K.L.:
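Sharing a structure with you now.
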Amino acid sequence: MWHTYLRPKTVEEALQMLAEAGEAAVLIAGGTDLMLDLQQGRHPPVQALVDITEIPELRALEIRGDELFVGAGVPLNRVAASPLVREHAMALAEATSQMAGYQIRNVATLGGNVAHALPAADGAIALLALDARAEVASPHGRRRVPLADLYLGPGRSALKHEEMLVGFWLPLTRQKAASAFRRVMRPQGVALPILNTAVWLAREGDRIAQIRIAVGPFGPVPRRATAAESVLCGHAPDEATLNAAVEALLREARFRTSRYRATETYRRHLAGILLRETVGKAWQRAGGE
Amino acid sequence: MNTLGRSLRRIDAADKVTGKALFPADIDLPNMAYMKILFAGRPHARIVSIDTSAAEALPGVLGVFTAKDVPNNEYGLMEPDQPVLCGPGSNKPYADRVRFVGDQVAVVVAETEEIAARARDLIQVEYEDLPVVTDPREAMKPDAPLLHPELGTNIFTHDRIRKGDVEAAFAQADVIVEAEYHTPMQEHAYLQPEAGVAFIDEEGRIAVYVAGQWTHEDREQIAHALQLPEDQIRVIYPAIGGAFGGREDMSVQIVLALAVWRLHQRGVVRPVKIIWSREESIIGHHKRHQYFMRAKWGATKEGKVIAAQVELIADGGAYWYTSNKVLGNAVITCTGPYEIPNVWVDGYAVYTNNVPAGAFRGFGGPQGNFVAEMQMNKLAEALGMDPVEFRLRNVLREGSLMSVGTPVPPGVSIAQVIEETAKAAGWRKGPEGWYRPEDADDAIWPHWNGLPKPHIKRGIGFAAGFKNVGFSFGFPENSWARVELEGDEEIERAVVYIAGAEVGQGHHTAMLQIAAETLGIAPEKVEMRVSDTAFTESSGSASASRLTFMAGHAVKGAAERALWRWQAGERPVSVEFTYKAPPTTPFDEATGFAEPNFAYGYVAAALALEVDTETGEVRVVDVILGNDVGRAVNPQQVEGQIEGGVVQALGWTLVENFIQQDGYVVTDRLSTYLIPSVKDVPPRIRPLILEYADPRGPYGARGMGEMPFLPVAPAVMHAMRHAVGVWYHDFPLTGERVLAGLEKAAA
């Protein structure tokens with residue numbers, strides 16, 4: 001186990017600690033995934049843990065200009081309960097409120113959910129549909145990247161060792177636009193979902209003007225179901241269009257059978273159900289009907 | 001002074017919530033060493049050789065022990081058919097074989113846990129793999145690989161009941177229902193994985209702190225394997241983090257004692273501690289048996305069941321454990337709490353290379369009652385009769401002959417339990433008998449999910465159940481207690497000595513209440529001294545829903561005798577008393593004729609659920625659980641047992657899925673073996689505590705710890721039938737299984 005536990009107070013201090021300690025150091029926030037990985041040998045041993053939960057910037061959750069900023073170190077319960085998140089990013093509120101159990105949600109963070117890079121991570125799937133951009137800090141400065149650019153493979157983040165997530169920038173909601181999230185799992189709360197779906201859409205009269213759909217696990221990394229988006233965009237979400245969208249989604253998806261959780265067949269079946277429901281819910285929310 | 005029947009605060013409550021209570025893993029002794037176990041990790045093999053030299057050479061290693069170090073290399077609660085450590089050089093034949101992944105091969109003791117783990121990984125074992133059999137139906141075939149070659153078969157128990165003439169009765173039946181069922185394995189998943197500390201005590205005994213269910217049985221098994229007199233061994237139970245039957249058989253007890261003893265013989269006197277990880281716990285202890293069952297029942301149009309034929313095949317896994325007794329219970333309960341004139345039952349317990357199966361809350365009762373209640377609900381439907389009315393036309397009543405040909409013990413309350421539970425669930429009695437008016441639903445079941453959607457189907461189910469209280473089949477059934485009284489004019493202090501295990505059920509509190517009630521003193525004046533073989537005799541096991549009944553009698557009897565002497569002027573008083581239960585007898589080999597039990601508990605459940613026909617998700621919204629407890633010693637603890645039993649049974653029915661592949665455990669941690677979380681608990685569980693005194697019980701109390709588990713699974717299946725028109729014969733009811741059933745029904 002580690003020998004050093006560091007508690008930086010700023011992002012810059014954290015980056016410096018990471019750089020100085022080299023590969024033997026790793027960031028820790030809630031630690032709900034990392035501690036298990038370390039205990040069970042899925043993560044190489046570390047010498048130092050850099051605790052980033054005392055960095056005020058990472059704990060911020062506020063409107064900044066015309067965007068909503070959610071710090072990477074904000075615990076899931078705070079995300080779920082935030083009136084700002086409920087107003088501007090309902091899918092994220094729904095996702096975070098269903099993740100894990102209450103105690104875990106008190107410590108687990110949104111940044112950790114994204115950095116852990118699992119293809120079905122509820123928080124990441126919601127952020128994808130909401131078109132969030134991640135702010136990444138590195139010794140060379142800061143940059144904002146689309147969420148999808150953070151992934152290399154299942155459990156493999158594109159973040160480099162000397163980098164860290166600062167937070168997520170989400171567009172503010174606007175007239176006739178809304179989002180929704182649903183997942184199916186067994187049992188409730190304690191494990192990864194069998195399947196989840198997040199949808200954001202904007203209405204224009206009786207048509208969908210814009211739509212983003214994310215499904216997890218959809219493939220090796222979290223990504224959007226763009227084929228289904230194309231089918232729905234510009235159309236009313238009527239039965240025929242939804243059928244076509246489900247078909248497109250199933251053509252694009254790379255579902256797998258997992259030994260403990262579910263078969264590919266069941267996931268294909270659920271994908272259609274969840275898509276219809278989340279599109280329907282977002283459509284209603286966007287219309288104010 | 002009324003102490004009985006009050007929800008007294010548990011005497012262990014404050015210590016447990018503040019963390020003061022010590023569980024075995026919390027106990028550290030000076031100069032302690034640490035142990036790790038090398039598990040087989042393969043389902044069936046012969047060990048050709050074990051090389052421990054590298055492990056022994058590792059600095060910090062104090063000792064490595066293998067089969068050759070075990071004086072008498074065998075153990076088992078019913079039959080000693082399992083090696084303590086598998087490997088060559090043993091004093092028993094075939095002890096060089098491993099028969100499931102959790103067989104223990106070697107133990108390492110070292111200065112730290114890390115060194116012990118590293119040394120364990122340095123042990124070289126050469127295996128010669130043997131053919132694996134994992135389906136008990138395959139294992140029954142004559143050409144199957146044999147687990148225990150000396151027996152010549154894998155079938156280690158075959159129970160029969162032959163009552164009346166089932167064939168003749170089927171010929172007269174108006175309806176016949178036939179089906180095959182499968183009930184799955186279940187992991188106990190108690191909060192506290194196995195752990196213990198062994199040391200040489202001040203009197204030179206080998207003492208073991210451990211969490212078990214029966215101190216004196218642990219002591220006997222340790223003594224048997226070490227070939228030492230029992231008084232050379234001491235077993236102490238500190239706080240126990242749940243048991244549910246999973247601690248009835250040995251886990252760390254014998255190897256801890258062995259290591260301490262062997263080190264002591266080398267002049268190394270060190271306490272030794274071990275804590276199992278969750279993964280070690282899941283492969284290392286037994287599971288609930290999976291059962292493959294076939295049933296054919298016949299009834300007349302008047303609603304009388306006249307014939308029941310049942311075949312039960314229990315997957316015993318690699319060793320005997322308590323399979324014969326579990327099977328016996330299933331054989332008795334598989335025809336339900338009903339009087340059926342013609343019964344034919346064949347029950348088989350079979351060895352396979354799966355993780356052994358053994359005691360788990362209900363002990364064969366859940367499997368047996370499942371068949372019976374499925375058959376009853378199907379027959380009621382086939383007859384067009386209300387399931388409650390149909391049951392009441394067949395239930396056991398005082399003096400009824402059971403399937404085993406003898407009268408049911410006195411205090412038969414199943415009719416009242418069914419009626420009270422049905423009433424609470426909206427059933428009414430009309431001129432034609434019991435019926436359930438559909439319009440009663442919304443008031444009775446207020447937890448339906450808002451506005452019903454077309455793809456959400458609602459169902460209501462009913463089932464009953466019964467099970468023995470206490471040891472069965474002629475097993476000597478007794479329980480010991482001592483009561484000491486101190487004071488002058490008045491009794492100032494009473495000390496109660498018992499060995500019964502407090503596994504979380506509230507046993508010690510209940511015994512304190514019985515002592516205070518009997519002595520007529522305030523509960524604050526009673527002190528409990530518990531669970532240490534150094535100063536208690538045997539109270540028997542915390543199992544078979546027996547402790548309130550058996551130890552209750554022992555404490556009551558000792559307290560009565562102590563009070564008698566106190567009133568005669570004796571100061572101080574010390575009285576021991578051993579309660580002996582009415583005798584029982586084993587099955588007659590050919591016919592099953594027996595007086596197997598001296599008492600039963602009776603239970604019924606009505607529950608409401610919703611099925612999402614799109615995703616296959618099942619949500620139980622409300623459970624009414626009627627349980628005759630005879631006399632509720634502590635009603636809050638009874639409610640806790642009911643709620644816990646219902647949730648554990650819902651886990652078995654809906655959520656938990658123990659997967660083994662070719663003898664390897666796939667779900668060996670709690671992230672893959674999923675158990676219900678608090679979010680899966682129904683919005684409401686309504687305990688209906690019924691108190692029809694057991695004429696044989698202390699203050700009329702019956703055992704009840706296992707009963708709430710019994711009717712849940714068949715009630716869920718009944719509600720599923722009501723909701724979606726499908727009878728499910730297999731579970732857990734995962735979303736996938738529910739959908740597959742719907743598709744099959746639609747096709």
Side-chain angles (χ1 to χ4, degrees), chain A residues 1 32-33 35-42 45 80 97-105 116 118 120 155 182-197 242 246 255 257-278 280-281 284, chain B residues 112-114 117 121 189 277-280 453-456 612-620 647-648 650-662 664-683 731-740 742-743:
Chain A
M1 283 291 160
T32 55
D33 283 321
M35 294 310 286
L36 284 177
D37 284 352
L38 284 170
Q39 273 174 21
Q40 297 175 355
R42 287 191 301 263
S97 71
Q98 291 175 60
M99 292 163 67
Y102 202 92
Q103 294 97 322
I104 298 279
R105 291 203 301 269
H116 198 232
L118 292 181
R182 187 185 169 191
R183 69 174 184 174
V184 169
M185 64 175 311
R186 178 188 71 81
Q188 298 306 310
V190 297
L192 282 169
I194 290 173
L195 201 77
N196 61 23
T197 302
L242 280 169
V246 171
F255 293 129
T257 291
S258 46
R259 282 204 292 179
Y260 328 101
R261 246 180 284 284
T263 61
E264 182 198 349
T265 317
Y266 186 54
R267 287 200 164 108
R268 293 182 70 83
H269 171 82
L270 288 182
I273 307 247
L274 295 193
L275 184 69
R276 284 167 209 277
E277 179 170 325
T278 44
K281 200 177 270 177
Q284 274 183 3
Chain B
T112 68
E113 203 174 5
E114 290 72 24
D121 297 340
S277 67
R278 181 60 69 178
E279 293 81 351
E280 287 171 323
K453 294 174 188 160
H455 65 279
I456 306 287
D612 183 328
T613 56
E614 288 184 345
T615 63
E617 291 170 294
V618 177
R619 178 173 170 267
V620 174
V647 172
Q648 199 168 37
L650 286 173
W652 186 47
T653 313
L654 298 173
V655 177
E656 301 176 35
N657 200 7
F658 191 76
I659 306 172
Q660 290 179 102
Q661 225 164 46
D662 305 322
Y664 291 90
V665 178
V666 176
T667 48
D668 69 345
R669 51 186 60 173
L670 294 179
S671 60
T672 50
Y673 183 78
L674 303 176
I675 60 174
S677 80
V678 71
K679 294 179 182 176
D680 300 286
V681 173
F731 55 96
L733 289 183
T734 59
E736 299 210 63
R737 179 168 270 137
V738 170
L739 287 187
L742 294 178
E743 278 164 27

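Chain letters run A, B, ... following the sequence lines, proteins first, then strands; residues in each count from 1. What you are looking at is a predicted structure, and each value in this text was computed from that prediction instead of being measured.
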K.L.:
How far does CG of A:L192 sit from OG of B:S671, to the nearest 0.5 angstrom?
P.N.:
9.0 Å

K.L.:
Please confirm whether the backbone N or O of A:G101 pairs with a side-chain atom of B:K679, one donor and one acceptor, at under 3.5 Å?
P.N.:
no

K.L.:
Within the supplied structure, the quantity of interest is the number of heavy atoms (other residues, nucleotides, ligands) at a distance under 6.0 Å from B:D662 CG; does it exceed 12?
P.N.:
no

K.L.:
Tell me, do A:L270 and B:E736 make a side-chain contact under 4.5 Å, heavy atoms counted?
P.N.:
no

K.L.:
What's the separation between atom CD in A:Q40 and atom OG in B:S277, rounded to the nearest 0.5 Å?
P.N.:
9.0 Å

K.L.:
Can you name the nearest heavy-atom pair linking B:I659 to A:Y260, along with the distance?
P.N.:
CD1-CA, 4.3 Å

K.L.:
For a side-chain contact (heavy atoms from CB on, under 4.5 Å) check, start with the C-alpha distance between A:R182 and B:T615, then their side-chain angles and the critical distance, and finish with the verdict.
P.N.:
CA-CA 12 Å; A:R182 187 185 169 191; B:T615 63; 3.9 Å; yes

K.L.:
A:Q39 versus chain B, heavy atoms under 4.5 Å apart: side chain, backbone, both or neither?
P.N.:
neither

K.L.:
With a 4.5 Å limit on heavy-atom distance, are the side chains of A:R276 and B:E614 in contact?
P.N.:
no

K.L.:
Please state whether the side chain, the backbone, both or neither of B:Q661 comes within less than 4.5 Å of a heavy atom of chain A.
P.N.:
side chain

K.L.:
Can you tell which of B:T667, B:V655, B:V678 has the highest number of heavy-atom pairs within less than 4.5 Å of chain A?
P.N.:
B:V655

K.L.:
If you measure from the Lys or Arg side-chain nitrogens to the Asp or Glu carboxylate oxygens, is any gap between A:R183 and B:E617 under 4.0 Å?
P.N.:
no

K.L.:
B:Y664: what forms a ring pair (Phe, Tyr, Trp, His ring centres under 6.0 Å) with it, not counting sequence neighbours?
P.N.:
none

K.L.:
Any ion pair linking B:D668 and A:R259 (charged N to carboxylate O, less than 4.0 Å)?
P.N.:
no

K.L.:
Pick one of side chain, backbone, both or neither for A:T265, based on which atoms fall under 4.5 Å of a heavy atom in chain B.
P.N.:
neither

K.L.:
For A:Y266, what residues pass the ring pair (Phe, Tyr, Trp, His ring centres under 6.0 Å) criterion, not counting sequence neighbours?
P.N.:
none

